[in-house]
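Everything numeric in this text was worked out from a predicted model, so none of it was measured.
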Amino acid sequence: MSVADFCSRIGVSDKTLAKLERGDGGVRLETFAMALLALGMLDRLAEIADPSSDATGIGLDRDKLPERIRQRGRHIRTIPTKSKDAPKGTVVVDDDEGTAF
């Protein structure tokens, strides 16, 4: 697909598309969503907007918690895996019991 065709599909100019490709913060979310739709990847928008996948935000929230709760949330436990899709060995899971989001 040419750049001109892609721009017409999502309803933007080539300058706006260049900003989108650079990750410019001035591009509207609607434009980003239309680009994902045109590429057949609209389901990825849900992954981006999922707060549970925002490691930075979770870390910042955890730093705001009182020390006694932060210490309890740092316990790490391992769970043996038996699924054929899981990596071999064990999976480390961060135990966030006692933390609030």
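The CD1 atom of I10 sits 8.5 Å away from atom OG1 of T16, with the distance rounded to the nearest 0.5 Å. With rounding to the nearest 0.5 Å, the separation of CG in D14 from SG in C7 is 5.5 Å.
Residues passing the side-chain contact (heavy atoms from CB on, under 4.5 Å) test with D50, sequence neighbours excluded: S52, S53. With sequence neighbours left out, the salt bridge (charged side-chain N to carboxylate O under 4.0 Å, His left out) criterion links E47 to R44. Partners of S2 according to the side-chain contact (heavy atoms from CB on, under 4.5 Å) rule, which considers only residues two or more places apart in sequence or in another chain, are A4, D5. Partners of R9 under the salt bridge (charged side-chain N to carboxylate O under 4.0 Å, His left out) rule, at least two apart in sequence or in another chain, do not exist in this structure.
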Using residues 21-40 as the side-chain source, report each donor-acceptor pair under 3.5 Å to any protein atom, sequence neighbours left out, with the distance given to one decimal.
from	atom 1	to	atom 2	distance (Å)
D24	OD1	G26	N	2.7
R28	NH2	E30	OE1	3.1

